[in-house]
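Have a look at the structure below, then the notes.
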Amino acid sequence: MADFFLGSPFRRLFDARPFSAFEWSSGAAAAAMDWVETPASHVLRVNVPGLGKDDVKVQVEEGNVLTIRGDPPPPTAKDKGKHEDEEGTVWHVAELGKPEFARAVALPENVRVDGIRAGVENGVLTVVVPKEAAAARPKPRPIAVSSKL
């Protein structure tokens, strides 16, 4: 019954995002992201556990597309041999690696790309994209109408 009322034409109204955000899937893992719009800026928060400021790259590309890439440093010999030197060690699951990721966000037109700031703290990358000041609305005024231009 719900599909009858909320079929595909209506589902787009509820599932649509205000701006497009997409991610690449060429072997890269998805990075969870929150996007909040305040009166002064857009704030994006991306989970980047274990990554520092040197491991994350943020840039604006053509067409106001903000790209965020995370590439962890390769494991050292000390990290590789952490558990292998114990005799009889058998790995059953190994999911705690630090996968690389890439995320792209199409920014709205009313942003100042020259004022973008980014920082990493406690495993969260925060990107602040300031908005341009809204243009002043012209005051209403009467316009004289003549018979010839």
Side-chain angles (χ1 to χ4, degrees), residues 1-140:
M1 183 76 173
D3 285 333
F4 177 76
F5 291 110
L6 296 174
S8 62
F10 298 106
R11 186 163 289 141
R12 287 181 295 165
L13 296 174
F14 299 112
D15 292 341
R17 293 181 182 181
F19 306 106
S20 63
F22 53 91
E23 58 197 61
W24 292 290
S25 60
S26 60
M33 179 180 75
D34 289 341
W35 182 350
V36 178
E37 182 177 357
T38 67
S41 64
H42 293 270
V43 180
L44 291 86
R45 291 185 185 92
V46 182
N47 285 339
V48 292
L51 299 182
K53 67 177 187 162
D54 297 330
D55 305 326
V56 178
K57 305 292 182 247
V58 179
Q59 65 184 24
V60 177
E61 297 178 359
E62 284 187 48
N64 263 7
V65 176
L66 179 76
T67 60
I68 303 169
R69 298 175 194 267
D71 191 16
T76 62
K78 180 181 176 185
D79 293 336
K80 287 182 182 177
K82 213 179 256 187
H83 298 285
E84 282 79 10
D85 54 356
E86 298 175 19
E87 187 151 335
T89 301
V90 177
W91 284 82
H92 293 282
V93 179
E95 296 177 340
L96 295 178
K98 298 176 187 173
E100 63 182 40
F101 70 90
R103 196 80 197 243
V105 177
L107 296 173
E109 294 296 321
N110 66 338
V111 298
R112 292 185 311 131
V113 294
D114 58 335
I116 296 176
R117 300 183 320 267
V120 177
E121 185 177 349
N122 296 328
V124 177
L125 170 70
T126 302
V127 180
V128 179
V129 183
K131 291 182 179 179
E132 289 181 344
R137 290 187 171 175
K139 294 180 181 180

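From a predicted model like this one, the values you see are computed outputs, not experimental measurements.
Under the salt bridge (Lys or Arg N to Asp or Glu O under 4.0 Å) criterion, Lys57 pairs with no residue at all, not counting sequence neighbours.
Summarising the geometry, atom OG1 belonging to Thr126 is positioned 10.5 Å from atom CZ belonging to Arg117; distances are rounded to the nearest 0.5 Å. Distance CG/Asn47 to CE/Met33: 11.0 Å, rounded to 0.5 Å.
Put simply, the side chain of Lys53 never gets that close to the backbone of Ala118: no donor and acceptor are under 3.5 Å apart.
Within a 6.0 Å radius of CD in Glu132, more than 12 heavy atoms belonging to other residues, nucleotides or ligands are found.
Summarising the geometry of Arg69 relative to Glu61, their closest heavy-atom pair is NH2-OE2, 4.1 Å, with the distance given to 0.1 Å. Heavy-atom minimum distance, Val124 versus Arg45: CG1-CB, 4.1 Å. Counting all heavy atoms, side chain and backbone alike, Trp35 lies closest to Pro108 at CZ2-CD, 4.2 Å. Shown here for Ser41 and Pro130, the closest heavy-atom pair between the two residues is CB-CA, 3.8 Å.
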Intermediate values then yes/no, side-chain contact (heavy atoms from CB on, under 4.5 Å), Val60 and Val129: CA-CA 11 Å; Val60 177; Val129 183; over 6 Å; no

Hey, mind stepping through His42 and Val111 against side-chain contact (heavy atoms from CB on, under 4.5 Å) and telling me if it holds? CA-CA 8 Å; His42 293 270; Val111 298; 3.7 Å; yes

Show the numbers, then the answer: is there a side-chain contact (heavy atoms from CB on, under 4.5 Å) between Val127 and Val105? CA-CA 12 Å; Val127 180; Val105 177; over 6 Å; no

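Counting heavy atoms from C-beta on, the side chains of Val58 and Leu125 come closer than 4.5 Å. Using a 4.5 Å heavy-atom threshold, the side chains of Val48 and Ile68 count as separate.
None of Leu51, Asp55, Asp71 except one satisfies the side chain to side chain contact (heavy atoms under 4.5 Å, CB included) rule with Glu100; the exception is Asp71.
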